[in-house]
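What follows is one structure encoded as structure tokens, with my remarks underneath.
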Amino acid sequence: MENNSAMDLARILHSQGFGSRAECRALVASGRVRVDGRRCVDWAEQFEAAGLVFSVDGVFWHHREAAYLALHKPGGYECSHRPQHHPSVYSLLPLPLIRRGVEAVGRLDADTTGLLLLSDDGGFVHRYTSPRKLVEKVYELRTRHAVDDGQVEALLAGVTLRDEALPVAAVSCQRLDDRHLRLSVTLGRYHLVKRMLAAVGNRVESLHRVAIGGLVLPPELRVGEWMWLEAVDLERLAAGGSSAATAGGLRHGGHAAMEGAPGSS
């Protein structure tokens, strides 16, 4: 019986962001692609795409129907393909991920650091940016002035912001020390956390996102590095809350043994 799930190698590479069909054929013909350690030169050779592991120029990749990523965003980067004043967060990703169309799931300000999700799955992007989904985002922030009990109570009760019809309240607000808060919100408005602190008479000096839903920024993921989100990570993300200690299944740049980073071919 004919197996209709097999695909030619050039088509697989094209689906993974390695260029046009013609570019992918040339890539294979030049001997730069290996499958299971074997150099391939016939772009028309058929492979099962699901679960396929291949390398291009010594960099290992797994075939993925959709890309789900987490990035530890540094300060001084814009969440835009056309940045105005700072480098783009997309410059931190390998070219194949950009070519396959990954987009930031919401945005962080240029000076805000921490967990940023990216994907080429439009439904996923909508799910985690839609205000109707009430996805919790957890931040740690440093303030210019000491935070008192009245400010914490006001943030939890709701503050009035310009251009917002209703008061905006934090889901939770924990004072870690006099000028250090952990605060969670479900809205994704422009400069929301900074505006909320300004509304209670304080000022945000630094802002770091530590979690989205149930997915916590893994301590192993260094600033400027990215990782694949595996099934267990997506489950944690969807579970909500902040009970997860770390995200599992690290597959990130900056480590030779990891997918998407240089390694032996």
Side-chain angles (χ1 to χ4, degrees), residues 12-19 49-53 59-74 77-83 87-110 112-139 185-189 209-218 220-242 244 246-254 258-261:
I12 291 172
L13 293 172
H14 172 67
S15 73
Q16 302 301 289
F18 286 91
L52 184 69
V53 180
V59 179
F60 288 93
W61 299 86
H62 289 250
H63 176 273
R64 296 174 187 267
E65 287 293 329
Y68 304 102
L69 312 173
L71 172 72
H72 190 161
K73 180 187 174 296
Y77 281 78
E78 295 181 27
C79 297
S80 172
H81 288 286
R82 297 180 179 179
S88 170
V89 292
Y90 298 102
S91 68
L92 300 170
L93 302 176
L95 183 58
L97 294 179
I98 300 170
R99 282 180 164 176
R100 67 181 290 168
V102 298
E103 295 290 341
V105 182
R107 295 189 176 192
L108 292 176
D109 296 337
T112 301
T113 61
L115 180 60
L116 179 68
L117 305 181
L118 303 103
S119 181
D120 59 355
D121 179 346
F124 178 87
V125 173
H126 174 74
R127 187 177 313 124
Y128 288 100
T129 55
S130 171
R132 296 182 179 181
K133 301 300 181 181
L134 300 178
V135 177
E136 188 173 346
K137 279 81 69 174
V138 184
Y139 297 87
V185 294
T186 55
L187 294 178
R189 303 286 195 268
R209 185 155 67 190
V210 297
I212 300 174
L215 181 66
V216 176
L217 179 66
E220 302 93 336
L221 190 63
R222 293 173 293 190
V223 176
E225 290 188 342
W226 61 276
M227 58 177 271
W228 294 102
L229 295 182
E230 307 293 356
V232 64
D233 305 309
L234 296 175
E235 290 172 3
R236 286 172 177 154
L237 178 65
S242 55
T246 60
L250 274 177
R251 296 292 187 273
H252 62 87
M258 295 299 182
E259 178 186 355

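This one's a predicted model, so the numbers in the text were calculated from it and none came from an experiment.
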Say you draw a straight line from CZ of R64 to CH2 of W228; how long is it, rounded to the nearest 0.5 Å? 5.0 Å

Shortest non-hydrogen contact between L221 and A70, atoms and distance: CD2-O, 4.0 Å

Is there a side-chain contact between H72 and M227 in this structure, where contact means two heavy atoms from C-beta onward sitting under 4.5 Å apart? no

Under a 3.5 Å distance rule, please check whether S130 uses its side chain to pair with a backbone N or O of R127 as donor and acceptor. no

4.5 Å side-chain heavy-atom contact, L118 and L97: no

Approximate separation, where rounding is to 0.5 Å, of L117 CG and L71 CG: 9.5 Å

Value for CG (L69) from CG (D233), rounded to nearest 0.5 Å, stands at 11.0 Å

Closest contact, heavy atoms only, L115 versus I212: CD2-N, 3.7 Å

How about CZ on R107, more than 12 heavy atoms from neighbouring residues, nucleotides or ligands closer than 6.0 Å, or not? no

Heavy-atom closest pair (S80 atom, S88 atom, distance to 0.1 Å) is O-OG, 2.6 Å

Does W61 reach the side chain of L13, with side-chain heavy atoms less than 4.5 Å apart? no

Looking only at heavy atoms, the pair that brings T112 and K73 closest together is O-NZ, 2.7 Å

Is there a donor-acceptor contact under 3.5 Å from the side chain of S119 to the main chain of A67? yes

Please round to the nearest 0.5 Å and tell me the distance separating atom CZ of R100 and atom CZ of F18. 9.5 Å

Is there side-chain contact between Y77 and S91, with at least one heavy-atom pair below 4.5 Å? yes

Any sub-3.5 Å donor-acceptor pair from Y128's side-chain atoms to K133's backbone N or O? no

Kindly check if the number of other-residue, nucleotide or ligand heavy atoms within 6.0 Å of NE2 (H81) is above 12? yes

Between H14 and G19 (side chain of the first, backbone of the second, donor and acceptor by atom type, cut-off under 3.5 Å), is there such a pair? yes

Report yes if some heavy atom in the side chain of F124 is under 4.5 Å from a heavy atom in the side chain of L237; otherwise report no. yes

Less than 4.5 Å apart, any side-chain heavy atom of E78 and any of Y90? no

Side-chain (T129) to main-chain (V125) donor-acceptor, under 3.5 angstrom: yes

Provide the closest heavy-atom pair for R209 versus K137 in the form atom of the first, atom of the second, distance. NH1-CG, 3.8 Å

Shortest non-hydrogen contact between P131 and R189, atoms and distance: CB-NH1, 4.4 Å

Counting C-beta onward and ignoring hydrogens, is there a side-chain heavy-atom pair between H62 and V53 closer than 4.5 Å? yes

Nearest 0.5 Å, please: how far is CD1 in I98 from CD in E103? 10.5 Å

Does the side chain of L92 come within less than 4.5 Å of P74's, by heavy atoms? yes

